[in-house]
Amino acid sequence: EIVLTQSPGTLSLSPGERATLSCRASQTVGKNYVAWYQQKPGRAPRLLIHTASIRATGIPDRFSGSGSGTDFTLTVSRLEPEDFAVYYCHQHAYAPLTFGGGTKVEMK
Amino acid sequence: EVKLVESGGGLVQPGGSLRLSCGAFGFTSSDYWMIWVRQAPGKGLEWVAIIKQDGSEKFYVDSVEGRFTISRDNAKNLLFLQMSGLRAEDTAVYYCARGAGWVSEYWGQGTLVTVSA
């Protein structure tokens, strides 16, 4: 099983700032099959990015993903008020599929 | 519009059984892998199971293997999760999702399962 470790646990930022979230895998993720989700309280997760860097339909271009092998990053170039949420990385390469523990992006 | 609607959650005693259903609307579910993901109260996401378009392949997280069974009825656009031998640690909101490949692309609103005496 691939273990995904996200850091930091919490990121305190202001609107307009850049957010950089990290996800490290315990082994190489084949084909860079890493996705990123955003979740707000009481809501289902929303797919942002898959295959490390491909934005899902309707996702604004301030969200970008990068990385390969075992190290992946989600960047939000300029935080909007609606971007404050919890973000999860997810490997969709090997069963059992796994999620990271999440990074909470909170308003400073 | 793609819509997924889960049902069947509720309160069940430890050791009991429950069957969750997920109705798929706005697309032909037989064209997609379908997935269950759960989230314990206040915790992160945990992938549970996935089933191939024709039901011929199924995979589970280790913690539910042998206790949970994923299945589907493509004629009715329905996905199921049969859960037995339920434990307190199975308490969670259970989401069904439509796969884009194995990525959970569209999600339902979730159904809460509470395992407690």
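The chains referred to below are lettered A, B, ... by the order of the sequence lines, with proteins before strands, and numbering in each begins at 1. Quick caveat, the model's predicted, so the values are computed rather than measured.
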Is there a chain of hydrophobic side chains (I, L, V, M, F, W, Y, each step under 4.5 Å between heavy atoms) that links B/F25 to B/W36? no
Looking only at heavy atoms, which of residues 49-88 of chain B get nearer than 4.5 Å to chain A? B/F59, B/Y60, B/V61
Any chain of hydrophobic side-chain contacts (each under 4.5 Å) joining A/L97 to B/W33? yes
Give me the atom names and distance for the closest heavy-atom approach of B/Y95 to B/Q109. CE2-O, 3.6 Å
Where does A/P41 contact chain B at under 4.5 Å (heavy atoms): side chain, backbone, both or neither? neither
If we ignore hydrogens and angles and just use 3.5 Å, is the side chain of A/T103 paired with the main-chain N or O of A/Q6 as donor and acceptor? no
If I take atom NE2 from residue A/H92 and atom NZ from residue A/K31, how far apart are they, to the nearest 0.5 angstrom? 11.0 Å
List the atom of A/A44, the atom of B/W107, and the distance in Å for their closest heavy-atom pair. CB-CB, 3.9 Å
Can B/L4 be reached from B/L112 by stepping across I, L, V, M, F, W or Y side chains whose heavy atoms are under 4.5 Å apart? yes
Any sub-3.5 Å donor-acceptor pair from A/H50's side-chain atoms to A/W36's backbone N or O? no
Consider only side-chain heavy atoms of I, L, V, M, F, W and Y, link residues closer than 4.5 Å, and tell whether A/L47 and A/Y33 are in one cluster. no
Under 4.5 Å from a heavy atom of chain B, the part of A/Q39 involved: side chain
Proximity breakdown for B/V37 and chain A, heavy-atom pairs closer than 4.5 Å: side chain
Has A/K40 got more than 12 heavy atoms of other residues, nucleotides or ligands less than 6.0 Å from its NZ? yes
Honestly, the part of B/Q39 sitting under 4.5 Å from a heavy atom of chain A is side chain
Indicate, with yes or no, if B/Y106 and B/L45 share a hydrophobic cluster defined by side-chain heavy-atom contacts under 4.5 Å among Ile, Leu, Val, Met, Phe, Trp and Tyr. yes
Top of A/P96, A/G100, A/P45 for chain B proximity - count of heavy-atom pairs under 4.5 angstrom: A/P45
Treating B/T91 as the side-chain partner and B/V115 as the backbone partner, does any N or O pair qualify as donor plus acceptor under 3.5 Å? yes
Bottom line for A/R46: the part with an atom under 4.5 Å from chain B's heavy atoms is neither
Output the residues of residues 54-89 of chain A for which the shortest heavy-atom distance to chain B is under 4.5 Å, in residue-number order; output 'none' if no such residue exists. A/Y88
